[in-house]
Amino acid sequence: MGTDHAGIATQMLVERKVQAEEGLTRHDLGRDKFLDKVWQWKEESGGNITRQLRRLGASVDWNRERFTMDEGFYTAVQEAFVRLYDDGLIYRGKRLVNWDPKLHTAISDLEVVSEDEAGHLWHMRYPLADGEKTLDGLDYIVVATTRPETMLGDAAVAVHPQDERYQHLIGKFVDLPLVTRRIPIIADDYVDLEFGTGCVKITPAHDFNDYAMGQRHGLTMINVLDQDAAILAVPEVYSTDGKPQVQHDEHIPLIYQTLDRYAARDCIVSDLQKAGLLEKVEDHTLKAPRGDRSGLVIEPLLTDQWFVSTKPLAEPAIAAVEDGRIEFVPKQWQNTYFSWMRDIQDWCISRQLWWGHRIPAWYDDEGNFYVGRNEEEVREKHNLGNINLRQDEDVLDTWFSSGLWTFGTLGWPEMTDALKKYHPTDVLVTGFDIIFFWVARMIMMTMHLMKHEDGSPQVPFKTIYVTGLIRDESGDKMSKSKGNVLDPLDLIDGISLEDLLTKRTGNMMQPQLAKKIEKQTRKHFPEGMAAYGTDALRFTLCSLASTGRDIKFDLGRIEGNRNFCNKIWNAASYVLLNCENQDCGQTGGEVELTLADKWIISRLQRTEQKVLAALDSYRFDHAAETLYSFIWNEYCAWYLELSKPVLWDDQASAAQLRGTRRTLVCVLEAALRLAHPLMPYITEEIWQKVKPLVGKGGDSIMLEAYPEFDASKIDEQAEADLNWVREVIEGVRTIRGEMGISPARPIPVLFSQGQTADQEKLNANSQFLIKLAKLESVTWLEAGDEVPLSAMALVGEMEVLVPMAGLIDKDAELARLQKELGKLDAEMKRLNGKLGNAKFVDNAPVDVVAKERAKLAEAEAAANALRQQVEKIQSI
RNA sequence: AGGACUAUAGCUCAGUUGGUUAGAGCGCUACCUUGACAUGGUAGAGGUCGGCAGUUCGAAUCUGCCUAGUCCUACCA
């Protein structure tokens, strides 16, 4: 159990807090004081996730709780960095990175989100140098851009090598307007002939594609932006390999210097227009890359950063999933993983932040750097003596440390007992949105750093269970900044509308959305949220955990499951009421089981079998559904009712009473254990009361064995017989319900056309029938006995008859029978069509055909019986 | 631009290798405070499984195309 330090998000949050409360920036405070503030905040609010997990009843190893910024974990992070560096997998270099001008840090590709935004495409005329002309006789070519301000850093204009319009210009030059710079026209097949004019301005220091082209063509890189994305006074010039060129004659006109990028853009556009160099401006939708934390458009910027060379790490990580050492559940997610891993880019791991793991590298005054576990080690290793050294100011990407989680938490780099015992771990449960961020990086880091004794790589875990993403009531991804989150604690404890509104709109990053969120919240939660409890919440999350990628949270489901908890509670109180201080057979004694007892024991086995299979295959929804249906629809709805005629029977023998009580408590106890992982609290609470009745003395249901299904206790005969009982009862109830006979009124029932087997079942179970169908009497009719005019239900061939006299309206019963007949006719028509088709009879498997024949025969028999009944009633 | 996923009752979702009368919860209708439970009980209504073709004796399930929606990846200056 543990948490990571969420570098960027946390630093941002604390910066805002300090700004709001004290009006200070982090630079005002200084690094150490600012970090104190972060730790302070961590102490106050860092326990939120932990608290939520505790309330949710997570059964984790609290003794081994870790935080990625713990001292011990820092050791692991440093060690990993040093080893990767020594293995040649970490390098430092001047590269183009995604720069966040607000947070002043590099961020990884994954932290950049691009969405369509309305923008413009500016077409600019670049005059040809040396009197060159285009084929049309113009003395300029036209390039288009969405970021005109970058033209200050242009190093070339590129055309496609096969483009006939410009072939004669390749190798010639243009005079870059506004700055006096002569830049070459180069040929590169990256250029799209079809797009725009076919001419592209190339700014290697400010665009990723241009950077790549600059590398291919040996272009100089001219950086014109500072850390705030404002225009520099003096451009920084680098050679293709990233070496700074101190002596250069590049310059930026005074009027643009220090202007913000957007102000500079306006200024440049207007200057070009004045100079007659603006061909046109078009509306253009572009994908604007924004930092996912700051929301600002990121700027590709040339900076010194640390990178992990990921290709060598990715290979074994791909193989581990390919050969099944690691499995994704559901399997389809491996495709997501593969597609990313097979096209992986080097990972920029340095962040210009204060909150995080400081990079273990030291610089001397000449700018040389040395990597080591600490300053002493570095000095010693490189024989540096007493020269000046300063540590790298930057910290590592949070995911770098999270990637070490499975072994870093167990004491690595020490080979602790825990590490030997628990690594590799078994299952990672996670969301698909961090397969790249976390899962892939964990696999890469672990396989490189953790080896078995034979030297082969250890995987971090064997199974990755990918959960759906819980979405809000409108289907949107929940996000604190959007204000549409549901705190699990509020679902557990309940919350008033006012408090919910305050919570959702209180800490928003985009306050302009507050109104919308308020409206939405009032609509969906007009009275806030009721308290549903942990068990209902957990059970609901399980029951929604199907294979889809989205889980739209539905209050209706949790409410239904709260009622389910209530149902279990009430059932348990019935069991305790009837079993506490009674002989439940816990100390032996003769036991006689009724049909109902045998039936519910048999059904329990099937339930156990299904739940176990569901858990094995990570189908928590199936497990939940199976438990719900067994406990409510079988145990409560039928078995508890069937136990009453036995328990309340003065004539019942001690063995019968003992048998029923024992079955009541044993099945309940087993069901509690079965349900415990899904609903921990209520099962524990009830189990404590039930355990003495089953002769158990354990301290907690948590420590009890999980139920195992016992095939020998499956009783097909009992299941069939009890189905017969149910059908009779349901037949009578249907007549009662549809004929409007008061449930309070006991009614006589006659049985006609039955077989010997039916009669035996009737004799054995009449007490059940009388109680559950509220019967006044049961009468078995032999062939030839006089049959009074009755409403009829069929159980197989046997007719269950409720005499109409004084109870039932003739027309109503006729209508009911006609409706039934209508259904049967449709059924018969369908089956006749099927069986009349020679192709079906010839080609379908025999058992399928036999099944259809049996269905038809049954439907025909039932229809005949009903038709006769209709005639009989009509004839009077 | 590639790739993936989703489409089943008013709502939220199941439906395993093609053979059910297509299911559950909530909601809805009628009746019922009977000794575990009205956060309940009993009985019911409600779906041409997004559309069109195809494969098959047989398709919610397999194939193709289309429509609608969601997401991911890569992006054109």
Side-chain angles (χ1 to χ4, degrees), chain A residues 109 114 121-123 143-147 150 158 190-192 194-203 207-210 284 286-287 289 332-333 335-336 339-340 343 432-433 435-436 469 471 473 475 477 530 532 536 540 543-544 546-578 613 617 619 621-622 625 628-629 633 636-637 640-641 644 648 730 733-744 774 823-824 826-827 830-831 834 837-845 847-849 851-852 855 859:
Chain A
D109 298 345
S114 300
L121 197 55
W122 286 270
H123 295 254
V143 297
T145 181
T146 54
R147 297 186 297 155
T150 61
Y190 159 79
V191 179
D192 183 352
E194 308 294 319
F195 191 90
T197 56
C199 299
V200 190
K201 65 192 262 319
I202 302 300
T203 325
D207 181 281
F208 290 100
N209 290 312
D210 294 4
H284 182 71
L286 67 155
K287 297 268 192 188
Q332 70 213 23
W333 290 112
N335 299 331
T336 308
S339 68
W340 190 68
D343 188 32
F432 60 81
D433 51 335
I435 287 177
F436 307 140
L469 204 61
R471 294 173 180 278
E473 55 287 348
K477 186 170 167 175
Y532 296 107
T540 304
S543 66
L544 293 174
S546 52
T547 54
R549 54 165 54 175
D550 294 332
I551 299 173
K552 233 198 270 184
F553 199 80
D554 177 21
L555 276 191
R557 293 291 288 258
I558 193 173
E559 189 176 343
N561 289 324
R562 181 199 58 185
N563 295 351
F564 177 49
C565 293
N566 191 251
K567 189 76 180 175
I568 295 175
W569 184 259
N570 286 318
S573 74
Y574 166 81
V575 173
L576 293 169
L577 196 69
N578 284 286
S617 53
R619 287 305 301 265
D621 58 331
H622 288 171
E625 155 69 22
Y628 186 101
S629 149
N633 301 334
C636 292
L640 293 192
E641 294 307 317
K644 289 173 184 175
W648 298 345
E730 280 166 350
R733 282 176 179 171
T734 302
I735 292 171
R736 223 188 241 285
E738 297 201 353
M739 294 301 106
I741 302 170
S742 159
K774 187 116 185 160
K823 281 189 199 168
L824 285 170
E827 167 85 350
R830 192 180 62 83
L831 289 164
K834 216 169 178 182
N837 182 349
K839 285 180 179 171
F840 170 70
V841 180
D842 293 344
N843 291 320
D847 56 322
V848 171
V849 177
K851 212 164 125 194
E852 298 299 301
K855 275 192 228 163

N/O (side chain, A:Lys839) to phosphate O (OP1/OP2, B:G58) under 4.0 Å:
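No, because none of the side-chain N or O atoms of A:Lys839 sits under 4.0 Å from OP1 or OP2 of B:G58.
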Check the phosphate of B:A24 against A:His622, side-chain N and O only, distance under 4.0 Å to OP1 or OP2. Yes or no?
no
Hey, is A:Trp648 doing a stacking thing with B:G35, by the 5.5 Å centroid and 30° angle criteria?
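So A:Trp648 counts as stacking on the base.
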Watson-Crick/G-U partner (both atom distances under 3.5 Å) of [N]:
N: B:A36; result: none
N: B:C57; result: B:G19
N: B:C28; result: B:G44
N: B:C75; result: none
N: B:U6; result: B:A68

Going by salt bridge (Lys or Arg N to Asp or Glu O under 4.0 Å), name the residues that satisfy it together with A:Lys834, two or more places apart in sequence or in a different chain.
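Only A:Glu852 meet the salt bridge (Lys or Arg N to Asp or Glu O under 4.0 Å) criterion with A:Lys834.
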Just to verify, what does A:Arg619 make a side-chain hydrogen bond (donor to acceptor under 3.5 Å, both in side chains) with, not counting sequence neighbours?
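With sequence neighbours excluded, A:Arg619 shows a side-chain hydrogen bond (donor to acceptor under 3.5 Å, both in side chains) to A:Asp621, A:His622, given in chain and number order.
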Lys/Arg N to Asp/Glu carboxylate O, A:Asp210 vs A:Lys201, below 4.0 Å
no
Take atom P in B:C75 and the same atom in B:A14, then report the distance between them in whole Å.
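Pairwise P distance, B:C75 against B:A14, rounds to 34 Å.
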